[in-house]
There are 2 protein chains.
Amino acid sequence: MDIQMKRGLLDVCVLAAIKDEDSYGYKIIKDLKPYVELSESTLYTILKRLETARMLTVRSAEHDGRLRKYYHITQAGVGRIEDFKNEWKEVVTIYQFVRKEERHE
Amino acid sequence: MDIQMKRGLLDVCVLAAIKDEDSYGYKIIKDLKPYVELSESTLYTILKRLETARMLTVRSAEHDGRLRKYYHITQAGVGRIEDFKNEWKEVVTIYQFVRKEERHE
DNA sequence: ACGATATACATCGTAACACGAAGTATATAG
DNA sequence: CTATATACTTCGTGTTACGATGTATATCGT
């Protein structure tokens with residue numbers, strides 16, 4: 001997928017990935033893989049950003065001797081998803097505009 | 001609309017706006033206004049970029065004593081629109097993923 | 001026993017991009 | 001005669017996705 005296109009989608013994808021159940025970095029990447037690919041550096045940047053924006057909270061836990069940071073969505077995070085869904089209508093309108101501009105003759 | 005979301009859409013919108021008929025800066029902004037708002041600085045940056053990428057060609061013409069630069073789409077530009085339409089399927093899949101992650105109970 | 005692979009997180013620098021601000025210049029409407 | 005619309009240009013800035021690189025432990029195959 002085009003890198004520019006991702007910019008409007010990745011934040012919400014990450015939030016959606018942790019919405020129903022707390023998750024951690026590596027798992028988020030794997031869960032999202034069928035839909036969108038993102039590198040570790042990208043994900044951790046996003047997680048940091050969403051934490052700063054208070055859209056998620058973090059809790060560290062040990063698992064098999066390794067550190068894991070579990071991310072939990074906040075109300076603001078849920079709101080961000082809702083905003084995206086509202087914005088989606090505009091995006092569809094743009095898509096239809098792009099389609100419509102074609103001559104079908 | 002969210003600025004990040006625009007990143008994946010604006011180039012294609014501009015190309016769609018000139019696809020059926022050559023157009024110029026001010027007109028493009030007005031034509032796109034119902035779908036997406038973009039400032040002059042943004043548009044001219046995009047036009048320059050698309051010209052460099054050979055997705056459109058430019059021709060200057062005088063109109064009422066003022067200079068106008070008319071933009072004409074190239075085959076590469078049309079191809080860019082086609083790529084967008086193919087990519088659209090992936091975008092819809094992502095949208096559905098974001099929706100599906102919600103509890104409906 | 002040991003190397004390869006998977007898991008897991010972190011940081012740095014870079015390039016692309018949308019935008020506000022500011023500027024130049026002419027035509028038209030009130 | 002002034003305000004607004006038309007029309008294009010340049011500069012600086014903040015946001016962002018990514019590759020590269022680094023640290024560290026667990027597990028699997030031979």
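As the structure is a prediction and not an experimental result, all values here were calculated from the model. Residue numbers begin at 1 in each chain, while the letters A, B, ... track the order of the sequences.
The side-chain hydrogen bond (donor to acceptor under 3.5 Å, both in side chains) search around A/Arg59 returns A/Asp22, not counting sequence neighbours. Scored by the side-chain contact (heavy atoms from CB on, under 4.5 Å) test, A/Ser39 finds A/Ser41, A/Thr42 as partners (sequence neighbours excluded).
Taking 4.0 angstrom as the limit, B/Lys27 places none of its side-chain polar atoms (N or O) nearer than this to OP1 or OP2 of D/dA7. For D/dC18, one of the phosphate oxygens OP1 or OP2 lies less than 4.0 angstrom from a side-chain nitrogen or oxygen of A/Lys6. A close approach under 4.0 Å does not occur between any side-chain nitrogen or oxygen of B/Lys30 and OP1 or OP2 of D/dA5. A sub-4.0 Å separation between OP1 or OP2 of C/dC9 and a side-chain N or O of A/Tyr44 is present. For D/dA7, the OP1/OP2 oxygens have a side-chain nitrogen or oxygen of B/Tyr24 closer than 4.0 Å. Contact annotation: B/Arg7 side-chain N/O to C/dA16 OP1/OP2 distance is not under 4.0 Å. Taking only side-chain nitrogens and oxygens, B/Lys69 comes nearer than 4.0 Å to OP1 or OP2 of D/dT9.
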Got a list of side-chain donor-acceptor pairs under 3.5 Å for residues 6-17 of chain B, not counting sequence neighbours?
from: B/Lys6; atom 1: NZ; to: B/Glu37; atom 2: O; distance (Å): 2.6
from: B/Arg7; atom 1: NE; to: B/Gln4; atom 2: OE1; distance (Å): 3.3
from: B/Asp11; atom 1: OD1; to: B/Arg49; atom 2: NH2; distance (Å): 2.7

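When every heavy atom of B/Ala76 is checked against every heavy atom of B/Arg54, the shortest pair comes out as CB-O, 3.5 Å.
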Note to self: What verdict does the salt bridge (charged side-chain N to carboxylate O under 4.0 Å, His left out) test give for B/Lys48 and B/Glu51, after you've listed the backbone C-alpha separation in whole Å, the side-chain angles of each residue and the deciding distance to 0.1 Å?
What the structure shows: CA-CA 5 Å; B/Lys48 193 83 178 185; B/Glu51 187 192 355; 5.1 Å; no
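Put simply, CD1 on A/Ile29 is 14 Å from P on C/dA6, counting in whole angstrom units.
An end-to-end axis angle of 20° holds for the helix from C/dA1-D/dT30 to C/dG30-D/dC1, taken from five base pairs per end and rounded to 10°.
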Margin query: Within the 4.0 Å limit for protein heavy atoms, which parts of nucleotides 20-30 of chain C are touched? Write it as a string from 5' to 3', B for base, S for sugar-phosphate only, - for none.
Written below: BB----BS---
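Sorted by first and then second residue, the pairs that involve residues 36-81 of chain A and meet ring pair (Phe, Tyr, Trp, His ring centres under 6.0 Å), not counting sequence neighbours, are A/Tyr24-A/Tyr70.
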